[in-house]
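Computed from heavy atoms alone, side chains included, the values below leave out hydrogens, waters and symmetry copies. What you see is a predicted model; the values in this text were computed from it and never measured. Order of the sequence lines sets the chain letters (A, B, ...), proteins ahead of strands, with each chain counted from 1.
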2 protein chains.
Amino acid sequence: MAVTIHDVAREAGVSVSTVSRALSGARRVGPELVERVHEAARRVGYRHNAVARALRAQRTGVIGMVVPEISNPFFPAIVEAVERTLQESDRELMLCDSRRSPDVERRRIQALLGRQVDGLLISPVDSQASTKVLHEAMRHTAVVQMDRYADQTRLDWVGVDDESGMALVVQHVRDHGAERVALVSAERNSSSGRDRLDALRRATTTAGLAESVELLGEFSIDWGAAAARELVSRGDLPDAVVCGNDEIAVGVIRELRRHGLAVPDDVLVTGFDDTPIATYIEPALTTIRQPREAIATEAVRLLDARLADTELPVRKLALQPELVVRGSTQPGSEGSAS
Amino acid sequence: MAVTIHDVAREAGVSVSTVSRALSGARRVGPELVERVHEAARRVGYRHNAVARALRAQRTGVIGMVVPEISNPFFPAIVEAVERTLQESDRELMLCDSRRSPDVERRRIQALLGRQVDGLLISPVDSQASTKVLHEAMRHTAVVQMDRYADQTRLDWVGVDDESGMALVVQHVRDHGAERVALVSAERNSSSGRDRLDALRRATTTAGLAESVELLGEFSIDWGAAAARELVSRGDLPDAVVCGNDEIAVGVIRELRRHGLAVPDDVLVTGFDDTPIATYIEPALTTIRQPREAIATEAVRLLDARLADTELPVRKLALQPELVVRGSTQPGSEGSAS
DNA sequence: TCGCCACGGGCAAACGTTTGCCAAGTTTTG
DNA sequence: CAAAACTTGGCAAACGTTTGCCCGTGGCGA
């Protein structure tokens, strides 16, 4: 069943090396021979065996990628962009989901290394627990962190500039009259959770605003809803609720409305990431748009640079985000869209 | 840098075959030797080379999967479940996005075949254009279609029973007093589009309802919104709008509301799939829940069966869906949740 | 005319495993 | 106690490529 380069060689009446070179163009081969080889390959139905090639060439053309949760809508967009970028250089993506567990993450990384991936793109689950396995991984292949990162690693990273993002948000709500803002975000155990919290604190201070309260849970709708209940029950509502990502904001908005509060008329609400959800809900969400395409292309670029030279200095690329203003901070303009 | 089985053999003072057997357990090896080999492997930091193993064993332990669009929230849930299932048998998933293009799809499949995947899971982009490449693929490996399928293929398939789903929906809206229903769905060029349309027609006939109008576009929010505008401009609103998937329903609801119509009080709206979106919006969406976990496990099971015996008769598995009733068809109960 | 070089084809080794076969040692059996 | 059977370790071939090296041919300058 398996038709190999040997079959092609026999069919074309040449040696296997000639076939290999004719097909790959690694060295000059007579034009009429090239034609004959291609013709023979077509005739016997030859298909390249990437496994054998990988073993011999010591490179697989596969990049491994590990994300904390593929069903979090932020990641499919990144994955899509990475895949598109890789395709330009004829490489494939092997995607793994670490299910937000450092233990699963470790196993997935080990498996990818065993498969001899040419590089590893990862959004680490936990800023502490992921460190060790990443250190091991970088001894075997090029590793670039995306979006999130692990502490104490000398590893490249590309993501969004949380500092700028939060500054944009704070400035925006202040311009709309907010004086007291609340933060609803995730615990400090992921780098995004921690950095966004710190960034918000600095931004409110700089803007001269009062931060009324910080509620930290996880990046989910349910947590957003729970936090909103907490805010309402305290009876001391802020002017604006700044959320750590879009999903939290969705939960917050839904729960506030359920308690008879109007968004944006009673409270402004903002998200972070600009996932598709942001336009699904009503009012549409004012949020920070991550430059996803750029994150993906830069990640691959960093990976290739590291591949070319292991000794390169570590680079951390914080890309500039963009404020997207929608209904959730625009009183009166009832949910005007995307 | 690369530490191989030979290094382990030298360290342990045995032959490579003994190391291989001790590590894989392929044959009885003396217990003290097993121990010594493991110890040596640990000491030199040995890691299995999956590429070499794949070449020799003629199986890679990788399953290829091609989906039309990973950012369509229906697919990440499937991918997650498939990955989890595969992990039980120590296999990896190689995921590709065909970007809703038959041409990209063809290239992705070719690449996966070249990588010697042990099997192929695919949700074909187009019921016509995808047929040819699938036929070629099945000559090289086991292929199972998921969710969507291509015509004229003798290929296994597992998905949801659209017939039952639409029957459940129609029965439900009729029970809530609807007499005239409209369908907003996608063109007939994907199998889901076609089958859901046909199923709805039969269901309305059976239920003795009048189907006022069919609007066919694509499975997207934008199309849902456009269709809703069309419905409104015709001025002859149906009692219920049945949508081909959840995203269309989201677009329909948003646009209806924008025209001052209340859902569910003026018009009932239903979705299909029960993606996370269904609970994001207000009112939450009454929809058909696909048994995603079951689809994933059955797909892998079919694949393994086919792998074991190529001559097996073709099987088409239509799994039973479930109606999930939420606010969009429950007048008065203002958006009670999931 | 001779020698040198460029060109293009082929041989065979290597990539890191697994595994069929053989042989030596050990146990069971009649 | 000898023969048969079983156990266990090692040798070497194979998986399908790519590529370093060698070699024959023909063109060209001296």
#### Entry: Rounded distance [0.5 Å steps], OH in A/Tyr149 versus OG in A/Ser190
9.5 Å
### Message
Within this structure, what is the CG-CZ distance for the pair B/Asp304 and B/Arg91, rounded to the nearest 0.5 Å?
### Response
4.0 Å
#### Entry: Phosphate-side-chain proximity, A/Arg56 and C/dA14, N/O vs OP1/OP2 below 4.0 Å
no
#### Entry: Between C1' of C/dG16 and CG of A/Asn49, the distance in whole Å
15 Å
### Task
Using atom CZ of B/Arg47 as one end and atom C1' of C/dC15 as the other, report the distance to the nearest whole Å.
18 Å
Look for any protein N or O under 3.5 Å of an N or O in nucleotides 23-25 of chain C and output each such pair with its distance, or none.
none

### Query
Between A/Asp118 (CG) and C/dC15 (C1'), how many Å, whole number?
15 Å
#### Entry: Sorted by number, the residues of residues 15-24 of chain A with heavy-atom contact under 4.0 Å to DNA chain C
A/Ser15, A/Ser17, A/Thr18, A/Arg21
### Whole-Å gap separating P (C/dT18) and CZ (B/Arg53)
5 Å
### Query
In Å and rounded to the nearest 0.5 Å, what is the OG1 to NE2 distance from B/Thr153 to B/His135?
6.0 Å
## Note on the structure
Between its two end axes (five pairs each) the helix from C/dT1-D/dA30 to C/dG30-D/dC1 turns, nearest 10 degrees, through 40°
### Task
Give the rounded distance in Å between these two atoms: CG of B/Leu55 and P of C/dT18.
12 Å
### Message
Whether the side chain of A/Lys316 engages the backbone of A/Gly159 through a donor-acceptor N/O pair (distance < 3.5 Å, no angle test) should be reported.
### Response
no
### Message
Donor-acceptor pair, distance only, cut-off 3.5 Å: does the side chain of A/Arg21 make one with the backbone of A/Gly25?
### Response
no
### Message
Any side-chain N or O of A/Gln116 below 4.0 angstrom from OP1/OP2 of C/dG16?
### Response
no
### Message
side chain to side chain donor-acceptor pair (under 3.5 Å), that's the test. Do A/Ser101 and A/Arg99 meet it? Break it down for me.
### Response
CA-CA 5 Å; A/Ser101 147; A/Arg99 287 188 249 152; over 6 Å; no
### Query
Reckon A/Val14 touches a base, only the sugar-phosphate, or nothing at all at heavy-atom distances under 4.0 Å?
sugar-phosphate
### Query
Rounded to the nearest Å, what distance is computed from the CZ atom of residue B/Arg36 to the P atom of nucleotide D/dG9?
9 Å
### Task
Answer yes or no: is there a donor N or O on one side and an acceptor on the other, between the side chain of A/Trp157 and the main chain of A/Leu317, under 3.5 Å?
no
### Whole-Å distance separating the CD1 atom of B/Ile5 from the P atom of C/dC15
14 Å
### Distance (rounded to the nearest 0.5 Å) between A/Leu112 CG and A/Thr141 OG1
10.0 Å
#### Entry: Nearest-angstrom distance from the residue atom NE2 of A/His6 to P of D/dT17
8 Å
### Message
Can you see if the side chain of A/Gln58 gets near the phosphate of D/dT17 - specifically, an N or O under 4.0 Å from OP1 or OP2?
### Response
no
### Message
Walk me through whether A/Ser15 and A/Thr18 qualify under side chain to side chain donor-acceptor pair (under 3.5 Å).
### Response
CA-CA 5 Å; A/Ser15 76; A/Thr18 302; 3.2 Å; yes
### Message
Can you see whether A/Gln116 engages A/Arg59 through a side-chain donor-acceptor pair at a distance of less than 3.5 angstrom?
### Response
no
### Interatomic spacing from CE in B/Met94 to CG in A/Leu93 - rounded to 0.5 Å
7.5 Å
### Sugar-phosphate only, base, or nothing, as touched by A/His48 at under 4.0 Å among non-hydrogen atoms
sugar-phosphate
#### Entry: salt bridge (charged side-chain N to carboxylate O under 4.0 Å, His left out) evaluation trace for A/Asp273 with A/Arg292
CA-CA 9 Å; A/Asp273 287 353; A/Arg292 279 187 278 252; over 6 Å; no
